Number of protein chains: 2
Amino acid sequence: MSKQIRAVLAEDQAMVLGALAALLEIEKDIAVVARARNGREAMTLVAQHEPDVLISDIEMPEMSGLTLAAEVHGRYPRVHIVILTTFARAGYLRRAMAAGAQGYMLKDRPAAELAECVRRVCRGLRVVDPELAAEAWTQEPDPLSERERQILWRAGEGKSGAEIAVDLHLSEGTVRNYLSEAINKLGAANRIEAARLARSKGWL
Amino acid sequence: MSKQIRAVLAEDQAMVLGALAALLEIEKDIAVVARARNGREAMTLVAQHEPDVLISDIEMPEMSGLTLAAEVHGRYPRVHIVILTTFARAGYLRRAMAAGAQGYMLKDRPAAELAECVRRVCRGLRVVDPELAAEAWTQEPDPLSERERQILWRAGEGKSGAEIAVDLHLSEGTVRNYLSEAINKLGAANRIEAARLARSKGWL
DNA sequence: AAGAACCGCTGACATTTGTCATGCGGCGGG
DNA sequence: CCCGCCGCATGACAAATGTCAGCGGTTCTT
């Protein structure tokens, strides 16, 4: 029997952080050696403890889990990284893998899978939600142009065509054209649906 | 020493659900007798177990935690209710209290507070985040009628007037009127802004 | 029974949004 | 050089959205 797996946990919601730690502590072969509430704190704690694995959320204040993953992977390549997030977005998965993460877990999955995922990752395996992985390969990359992105973003915030035009120094007609194009590319029925769709794919 | 506190837990993210359960199970005086992943399931399980306390998230599929709270409070007034959510919104708090909840906890708070909150609530006390409570008194109350809420919600999802009309068995004109009224009440420029505003205040 | 307060409906109207065809100037590659 | 592409623009039109005034029916008050 090998030694315990030493884990650092990063998650911005304190209650969830504590709960996840409790969940992992149930496992006799895993020990949570430190807890962080944002990316910067996590970086420090990883440096201090050089754990076997870092389990991190993505959307955190100070430093995103993706940035954190990249930095940790660069400086401490022997620390395995598991991203644990709410968002099943192909774009996030792509970036996580590029940042050197070995695992990408969804908070939607049964609690039991977390410990199992940690173990596998520490044995050098990759663990990715199969459905999401499939989607990441299938999914065409972001079809939006930069302009379309800017415009769709503002539209999603409730701005009118006129306001967006002023914002970006464009004519109102042009804004309508871009919006129409974006709606069409995304197969949506109107700007709102288009914005929601793009957001859900991680393109906004 | 009295008997263990029996709790039902409702939370849509399975991993968080499991983790919170693990967190509570650490306490010797609390037992999680059932776990639900949405409001409807929770309702059934409360009926089956008639627990001492129901701990529920707000934003869940099938049935919102607020609706759930109201139903449970109506049918099983002896079940204490704690709302556990990410959102520090005065409107949510207000509605939770109106629905008969005794506790309103934020997922931001330290993990240790959860068990303590559960104990207090079971002793008949109310537990509310003090900062949020203060804000709830300051803020003007929800100006939206139930209809306006239903309609604004759907509008915020990108549905057209026609779709909403079918959804709610109303005429399209009526939908437009309600929407106009809501936009006006909220001081917004259009349905999207109105929906965002209402959401941010916890009125949706 | 009269009035007030709602709720849902209609019709008319102005404005915003979505779609299309088309034009203009700059820029890079054959 | 000339072609084609790209970003931005127009104009014209249909459809969706926002605003208003007003109508009938129900329920609650008085």
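What you see is a predicted model, and the numbers here were worked out from it, not measured in a lab. Note on naming: letters A, B, ... go to the chains in the order of the sequence lines (proteins, then strands), and numbering restarts at 1 for each one.
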**Request:** Report the distance from atom CG of L179(A) to atom C1' of dA16(D), rounded to the nearest whole Å.
**Result:** 14 Å

**Request:** Nearest whole angstrom, please: distance from the C1' of dG18(D) to the CG of L152(B).
**Result:** 14 Å

**Asked** What integer distance in Å separates L170(A):CG from dA9(D):C1'?
**Response** 10 Å

**Message:** Return whichever of E181(A) or V175(B) has its heavy-atom-nearest nucleotide of DNA chain C closer to the 5' end.
**Reply:** V175(B)

**Asked** Reckon T174(A) touches a base, only the sugar-phosphate, or nothing at all at heavy-atom distances under 4.0 Å?
**Response** base

**Complete:** In whole angstroms, the gap separating C1' of dG8(C) from CD of E148(B) amounts to 13 Å

**Donor-acceptor under 3.5 Å (H73(B) side chain, A99(B) main chain)** = no

**Message:** Using whole Å, what does the distance between atom P of nucleotide dG18(C) and atom CD of E193(A) come to?
**Reply:** 11 Å

**Item:** Test side chain to side chain contact (heavy atoms under 4.5 Å, CB included) applied to N38(B) and E62(B), M43(B), E11(B), the passing residue
**Value:** E62(B)

**Prompt:** Within the pair S180(B) and dT17(D), is there a side-chain N or O less than 4.0 Å away from OP1 or OP2?
**Reply:** no

**Prompt:** Taking atom P of dT15(C) as reference, at what distance in whole Å does atom CZ of R191(B) sit?
**Reply:** 18 Å

**Asked** Can R109(B) and E113(B) be counted as an ion pair, charged N to O under 4.0 angstrom?
**Response** yes

**Message:** Any base atoms under 4.0 Å from G173(B), or only sugar-phosphate, or nothing? Heavy atoms, all strands.
**Reply:** base

**Prompt:** Which whole-number value in Å describes the distance from E172(B) CD to dA12(C) C1'?
**Reply:** 15 Å

**Fill in**
Whole-Å distance, Y178(A) OH to dC20(C) P, equals 18 Å

**Identified side chain to side chain contact (heavy atoms under 4.5 Å, CB included) partner of L68(B) from the options I81(B), L54(B), D57(B), I58(B)** = L54(B)

**Message:** Between R176(B) and dT19(D), is there a contact of a side-chain N or O with OP1 or OP2 at under 4.0 Å?
**Reply:** no

**Asked** Between dG18(C), dT19(D), dA9(D), which one does the side chain of N190(A) approach most closely?
**Response** dG18(C)

**Request:** Please state whether the base of dC8(D) and the side chain of N177(A) form at least one donor-acceptor pair under 3.5 Å?
**Result:** no

**Item:** Listed nucleotide nearest any side-chain atom of S171(A), set dT17(D), dA9(D), dG8(C)
**Value:** dA9(D)

**Request:** Respond yes when some side-chain nitrogen or oxygen of R147(B) is under 4.0 Å from OP1 or OP2 of dC7(C), and no when none is.
**Result:** no

**Request:** Could you check whether N184(B) gets within reach of a base, just the sugar-phosphate, or nothing at all, counting any heavy atom under 4.0 Å?
**Result:** nothing

**Request:** Evaluate side chain to side chain donor-acceptor pair (under 3.5 Å) for S64(A) paired with E59(A), printing each intermediate quantity in order.
**Result:** CA-CA 6 Å; S64(A) 144; E59(A) 304 199 345; over 6 Å; no

